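The structure displayed is predicted, hence computed values, not measured ones. Both ligands and their constituent atoms are indexed starting at 1 by order of listing.
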Amino acid sequence: MSKSILKVFIFITIVLCSSYSDAQPLKKEIDQSWKFKQWRLTNWYPAKVPGVVHLDLLANKIIEDPFYRLNERGLQWIDKEDWMYETHFDVDDEMYRKDNIVLDFKGLDNYADVYLNGDKILVADNMFREWKVDVKSKVKLKDNKLEVFFHSPIKTDLPKYDALPYQYRTGPDQAENGGIFDKRISIFARKAGYQYGWDWGPRFVTTGIWRPVYLEAWNELRIDNVFFHQKEVSSKKAVITTNVEVVADDNMKDAKVLVKDNATGKIVGEVNSDLQKGANQLSVTFAINNPKLWWCNGLGDPNLYEFKTEVQHNSIVLDNDIKKIGIRSMKMISEPDEFGRNLYLELNGVRVFSKGANYVPLDNFTPRITKEKYEQTILDAVNANMNMLRVWGGGIYEDDYFYELCDKYGIMVWQDFMFACSLYPSEGKFLENIKQEAIDNVKRLRNHASIALWAGNNEAREFWIAWGWKEHYEKIGYADKVWKQYTDLFEGVLPDVIKQYSPGTYYQSSSPYSDGSHDDKNGDRHYWGVWHGHKPTTEFNVVRSRFFSEYGFQSFPEYQSIKIFAPEPSDWNITSEVMMAHQRAGSYANPLIEEYLLNEYKKPKDFQSFIYMSQVLQGDAIKTAIEAHRRDMPYCMGTLFWQHNDCWPVASWSSRDYYGRWKAQHYFSREAYRDILVSPIANENVLDVYIVSDRLSATKGNFKLKVVNLEDNSVINEVSQAVSIPANNGKKHFSTDITSLLKGADKNKVFITVSFTDKQGVEYSNRYFLVPQKEVNFPEVNITRTIKPVAGGFEVVLHSNKLARAVFLSLDGIDNFFGNNYFDIIPGNSVALKVQTSLTQSQFEKQLKIISFKDAY
Ligand code: BMA
């Protein structure tokens, strides 16, 4: 290249680069120098944004830890106050000179008046919406004053309650705990339902700038939204239309929209178009041959493509947008069949058995949830062999990061709209407000590969049909009005929003949704006969559904967790005031755990043993359920237990406690959710063994069954067979009569082991008892340990001379994780596990406690 050509080249490059950066929109987060105060008082305190008032009060030591012992009770004044947040910010020259400047509030909880430099710029009334305000004419270069005045949600909504001649049925809203008698007002606010108290959650109706605030500025145009509509996907070809919303200041000739594969920089599609002043919808359709498809956990890699969408004019990039897209075809199938109406997911043409759990917010104060906590939560689902989480309707439309993680790790999301166990005054302005909320969130989430389906609400329809709500409103003369509000919202507005903004995505108006109620032949089911209905846990073996979207069983968090929120020995009793306050399902619930325990297990000797046994009980119960649901494949095609996590430390149905510790249930589910399940089940005098496989090809291997004497470990009977397991199916592989199997041995003195080993040597095993746990004649055991340091902690190898049931290891503190726990040790088979901890070897050896079933009595 000659010198002069080189100079011209450098000049053009500089011009292009500078105009590139000049042309791009600018963005600044308004997260500095915030302060807050109680509206009617004068003292200001530093505040954190994003945040909520409870966290700011805590950080300023005005209140104590809301989760500690009975502190919740003394903090109910907070939601009856009005609060004020304020900051001052400067705008740099470059931003100030832009033609368009907006303030973008990603989330205001909940009734907020916003002022900029003394002018009211926004009145917000829905925590789930995003609010963008044009502030070009109001913003200054220096010292802008931004004030957010929050009205008390309680004071705002009580008059609405008092003005009505009838009331809306609500779920577990704990109005009494909030000091407002039985006035259940949660349904008047578009605000997370669980903040008002739930049957696993405390009452903290909070307030604040709970998601970030940005100042954004641009010239000429900006991309408002990009939607990758996957019209046709197969392993051979994906046809995708990128719908780009562009807002332009003026008519513009010959703008260009480009979509690039950001990994290679290759342009995959482009379109030239004139823009009109205002909003423009542009589309770029492109095809990808042999796409790397996105698969859920267990079935393949969750491949993601990164696409960059650019809008250019005269070769200058005016705005761009980058999104990670998983190419997949995701269909929820709901079709009449010989039994009723099925319900299952079809991913990339493959029928998938959905395995997972229900998810509730990770904290009552969501802004303090760290990225690490989100990631651990999703990884804990992945590591328990789940492929689905249901984001339940009484919480929040989750943070973008939650869905990014689900995309990244292959967890499919059953997404509820945020309505739960209640009826809502959905008409007029309130309904319009909900419509905007739905549009905001469907548009925000629709590009995520993980989103499998949307449901209108949790259980409201079932309450109407099967729990007497309809009759109640008929009696008081408001049935038509209230039901119209229901159908306008869940059968009108919400499905219309899905149709318009996320075409092709499955929507059902409620969960559960079946043609009847409590239906075992149609659609999904929330089964609560065990626990709420007090039925024995063996009932899980009997009830059926096409898709269990809820069922559960309660337990306590483990003793090491209890000590954090209830450190006083006087608390260590399941009916102590503190333990009862950290149980929100009612005064009967802790005693119900005990009732189940005493019915099915022996009486534990003390509080710590009781806590441990409550977890084994819960783990056994949910294991029973998962196995039954999987044995019933393909009649049943999904099982989501209630619940994956807690929002505070509490006795609940969760399988991981608030601190992230796995309960027995989570370890048991990990086994029961493996890609192959060997599941024995006795019926009268017959023992059947099912082998269920989620693998997409048939698997050959060896099946073994042993009947072992608990007292002397002798093998009473043994079966070994070559078997071939069909792909993606459940089937009975072995059946025997129990009398001949036992060869005269007593049922209570044996245990049964079953296993399947595939050709690669991967073993899937399970244990089974022929009598309830209470009646099993468990022997005294002697467990021996060897400990050696490994990266990040220690490896512990355990042996037992006899069958040791539910061997439980524990340590003080919450910075440790046990690679396995609550496992059975079969004599002759050692169990090795890794413990992640920062303890030294001598501290570790001293602190490590190991117990098993026998130690609990
Ligand atoms: C369900 C849920 C929740 C509740 C749980 C336990 O049906 O939808 O509302 O927390 O049961 O009772």
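- Not close to ligand 1: Gly394, with no non-hydrogen atom less than 4.0 angstrom away.
- In this structure, the side chain of Tyr527 engages the main chain of Val530 through a donor-acceptor pair within 3.5 Å.
- The ring of His582 has its center closer than 6.0 angstrom to the ring center of Phe565.
- Looking at Trp200 next to ligand 1, an N or O pair under 3.5 Å apart turns up.
- Taking atom 7 (O) of ligand 1 as the reference point, the nearest protein heavy-atom neighbour is Glu459 OE2, 2.2 Å.
- Neither the backbone nor the side chain of Ala585 comes within 4.0 Å of ligand 1, counting heavy atoms alone.
- Taking the centre and axis of the six-membered ring of Phe463, the NZ or CZ atom of Arg169 falls outside the cone set by 45° and 6.0 Å.
- Close placement of the Trp572 and Tyr559 rings is indicated, their centers lying within 6.0 Å of each other.
- Close placement of the Phe417 and Trp454 rings is indicated, their centers lying within 6.0 Å of each other.
- Listed by number with element, the atoms of ligand 1 under 4.0 Å from a non-hydrogen atom of Trp642 are 2 (C), 3 (C), 4 (C), 5 (C), 6 (C), 10 (O).
- Taking every heavy atom of Asn458 and a limit of under 4.0 angstrom, the matching atoms of ligand 1 come to 2 (C), 8 (O), 9 (O).
- Relative to atom 11 (O) of ligand 1, the option among Trp528, Trp531, Trp653 with the closest non-hydrogen atom is Trp528.
- The closest approach between His532 and ligand 1 falls below 4.0 Å for a heavy atom of the residue.
- At the shortest separation from atom 9 (O) of ligand 1 among protein heavy atoms lies Trp198 NE1, 2.9 Å.
- Near Cys421, the atoms of ligand 1 lying under 4.0 angstrom from a non-hydrogen atom of the residue are 9 (O).
- With no hydrogens or angles considered, no side-chain donor-acceptor pair links Tyr588 and Glu595 at under 3.5 Å.
- Under the 6.0 Å distance and 45° angle rule, Arg368 counts as a cation-pi partner of Phe67.
- Cation-pi geometry between Arg461 and Tyr513 is satisfied (NZ or CZ under 6.0 Å from the ring centre, within 45° of the ring normal).
- With ring centers used as reference points, Phe128 lies under 6.0 Å from Tyr397.
- Shown in contact with Trp392 at under 4.0 Å from a heavy atom are these atoms of ligand 1, numbered in order with element: 2 (C), 3 (C), 8 (O), 9 (O).
- Remark: minimum distance from atom 1 (C) of ligand 1 to any protein heavy atom is reached at Glu550 OE1, 2.7 Å.
- Ranking protein heavy atoms by distance to atom 6 (C) of ligand 1, first place goes to Asp199 OD2, 3.3 Å.
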